[in-house]
Amino acid sequence: MNAETLDDILNGQLKICQRRNGYRFSLDALLLAHFVSLRKNTHAVELGCGSGVIMLIMASRFPHVHFTGLEIQDELWELAQKNICINSLNERVAAIRGDAKDIKKYLPKSSFDCVFFNPPYRMLNSGRINPDSQKAIARHEIKGSVTDFIQAAKYLIKPNGKIFVIYPAKRLAHLIWTLKNNYMEPKRMRLVFSAADMPAEFVLVEAANQGREELKVEPPLYVFDQDKKYTPQMKIIFRELASPPGGVAG
């Protein structure tokens, strides 16, 4: 049995149970949770929800939204269920064990206003695959690719619904091509840099199902300053995540 930790996040606002030596959420999860905007009384679904950290943060930020998470790995799905209970969010958050490639088995067509995901980043033939299967599946396209996630999102999303994703900046061309090939139009984008003198590491993208062609490129986000400390931009993000806005967004 793998040891687990129970961690306080966002100034103790949430508790997250994770495997001590398995896959653990990282900064990209917080960036995506902050980037997503939701309206009241909507339904959102996360593909590949892992231990549930992103949808739990968002459930805290948007108290009038219902969330569903889909996770293929049994152990992570069990952790997501546990974390939902620990944070007393059972009435608005649910986790389903399932494969995004077989999405029709689990959820009805056109049933969500928003789909968001932090998919595996690395192609199977790129880089060393982690010997820990939980980490490997989360990082490499072993059981699902961004194409699989986008095709599942296309099935789940309502007309004019929104899709939010974080992805490696070096694969931005592939992400945009795949979105547009599934009639999802990129509407908002932000590049994330570890530091000002480094290439972009991530890209955050919001797309609209069947949207018109018009893209807003937001100012870049720098994570660390020259002293390797979090930038004022990041401190604002942490503060806003820990201070829910009341559930109203654009």
Side-chain angles (χ1 to χ4, degrees), residues 10 13-14 25 28-71 77 80-81 83-85 87-98 100 103-119 146 149-167 175 179 182-190 204-212 214-216 218 237 240-250:
L10 307 181
Q13 189 172 307
L14 291 171
F25 81 89
D28 49 356
L30 301 181
L31 294 176
L32 180 58
H34 182 266
F35 185 73
V36 174
S37 61
L38 297 173
R39 296 183 183 276
K40 282 186 176 182
N41 302 319
T42 56
H43 289 77
V45 60
E46 180 181 8
L47 301 176
C49 69
S51 62
V53 63
I54 298 176
M55 63 177 179
L56 290 173
I57 293 172
M58 290 171 54
S60 177
R61 296 189 71 213
F62 303 105
H64 302 289
V65 176
H66 286 78
F67 295 87
T68 301
L70 184 76
E71 174 54 47
W77 168 66
Q81 290 186 309
N83 287 327
I84 291 167
C85 293
N87 292 283
S88 302
L89 287 167
N90 308 66
E91 292 186 3
R92 291 193 298 114
V93 184
I96 299 171
R97 196 276 185 202
I103 194 64
K104 294 179 182 180
K105 294 181 179 179
Y106 312 106
L107 294 165
K109 182 179 175 63
S110 304
S111 53
F112 290 92
D113 305 284
C114 168
V115 182
F116 58 97
F117 45 92
N118 179 12
V146 70
F149 278 50
I150 289 173
Q151 290 175 346
K154 182 65 178 177
Y155 171 81
L156 293 172
I157 201 74
K158 295 179 180 178
N160 303 316
K162 294 181 178 181
I163 300 93
F164 297 88
V165 58
I166 186 167
Y167 207 56
L175 174 63
L179 286 167
N182 285 275
Y183 304 99
M184 297 178 180
E185 189 63 34
K187 304 295 290 183
R188 184 166 64 101
M189 182 177 76
R190 191 175 196 184
L204 291 154
V205 174
E206 173 188 338
N209 188 27
Q210 303 175 13
R212 295 182 180 181
E214 182 177 340
L215 175 63
K216 175 184 178 182
E218 296 185 344
I237 287 175
E240 290 179 350
L241 287 173
S243 303
V248 180

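FYI, the numbering just counts along the sequence from 1. The analysis underlying the following values was restricted to heavy atoms, covering all of them including side chains, and did not include hydrogens, waters or symmetry mates.
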**Request:** Taking the side chain as every heavy atom from C-beta outward, state whether Asn83 and Leu89 have any atom pair closer than 4.5 Å.
**Result:** no
**Request:** Decide, yes or no, whether a salt bridge links Arg188 with Glu218 under the criterion of side-chain N to carboxylate O below 4.0 Å.
**Result:** yes
**Message:** Testing the basics here: between Phe35 and Val205, what is the closest heavy-atom pair and its distance to 0.1 Å?
**Reply:** CE2-C, 3.6 Å
**Prompt:** Just by modelled atom types, is the Gln210 backbone N or O under 3.5 Å from a matching donor or acceptor in the Tyr183 side chain?
**Reply:** no
**Prompt:** Say you draw a straight line from CG of Leu32 to CD1 of Ile54; how long is it, rounded to the nearest 0.5 Å?
**Reply:** 5.0 Å
**Asked** Does Arg61 use its side chain to pair, donor to acceptor, with the backbone of Leu241 at less than 3.5 Å?
**Response** no
**Asked** Name the one of Lys162, Lys187, Arg190 that satisfies salt bridge (Lys or Arg N to Asp or Glu O under 4.0 Å) with Glu206?
**Response** Lys162
**Complete:** Which of Lys158, His66, Arg39 passes side chain to side chain donor-acceptor pair (under 3.5 Å) with Asp113? Answer is Lys158
**Message:** Quick one: does any side-chain atom of Glu71 pair with a main-chain N or O of Gly50 as donor and acceptor, under 3.5 Å?
**Reply:** yes
**Item:** Pairwise distance CD1(Ile103) to CG(Leu70) - rounded to 0.5 angstrom
**Value:** 5.0 Å
**Asked** Of all heavy-atom pairs between Ala29 and Asn118, which one has the smallest distance, and what is that distance?
**Response** N-ND2, 4.3 Å
**Message:** Using side-chain heavy atoms (C-beta onward) and a distance below 4.5 Å, is Val65 in contact with Met58?
**Reply:** no
**Message:** Using side-chain heavy atoms (C-beta onward) and a distance below 4.5 Å, is Leu30 in contact with Phe25?
**Reply:** yes
**Prompt:** Side chains of Asn90 and Cys85: does their closest heavy-atom pair fall under 4.5 Å?
**Reply:** yes
**Asked** Any idea which heavy atoms bring Pro186 and Leu179 closest together, and the distance?
**Response** CG-CD1, 4.3 Å
**Message:** Less than 4.5 Å apart, side chain to side chain, heavy atoms only: is that true for Ile150 and Phe117?
**Reply:** yes
**Asked** What distance separates Ile163 CD1 from Lys154 NZ, expressed to the nearest 0.5 Å?
**Response** 7.5 Å
**Message:** Please report the interatomic distance CZ(Phe62) to CE(Met55), rounded to the nearest 0.5 Å.
**Reply:** 15.5 Å
**Asked** How far apart are the closest heavy atoms of Gly52 and Ala80, and which atoms are they?
**Response** N-CB, 4.0 Å
**Inter-residue atom distance Leu156.CG - Gln151.CD, 0.5 Å rounding** = 12.0 Å
**Request:** Evaluate the criterion side-chain contact (heavy atoms from CB on, under 4.5 Å) for residue pair Asn87 and Val93; output intermediate values, then yes/no.
**Result:** CA-CA 10 Å; Asn87 292 283; Val93 184; over 6 Å; no
**Prompt:** Would you call Leu107 and Phe112 a side-chain contact if the rule is heavy atoms closer than 4.5 Å?
**Reply:** yes
**Asked** What distance do Ile96 atom CD1 and Trp77 atom CH2 have between them, rounded to the nearest 0.5 Å?
**Response** 10.0 Å
**Request:** Considering non-hydrogen atoms only, spot the tightest contact between Ile166 and Pro119 and give its length.
**Result:** O-CD, 3.4 Å
**Request:** Go through the steps to decide whether Thr68 and His43 satisfy the test side-chain contact (heavy atoms from CB on, under 4.5 Å), and finish with yes or no.
**Result:** CA-CA 8 Å; Thr68 301; His43 289 77; over 6 Å; no
**Message:** Determine whether a donor-acceptor pair (N or O, by modelled atom type, separation under 3.5 Å) exists between the side chain of Arg92 and the backbone of Phe67.
**Reply:** no
**Item:** Nearest heavy-atom neighbours spanning Ala44 and Phe116
**Value:** CB-CE2, 3.9 Å
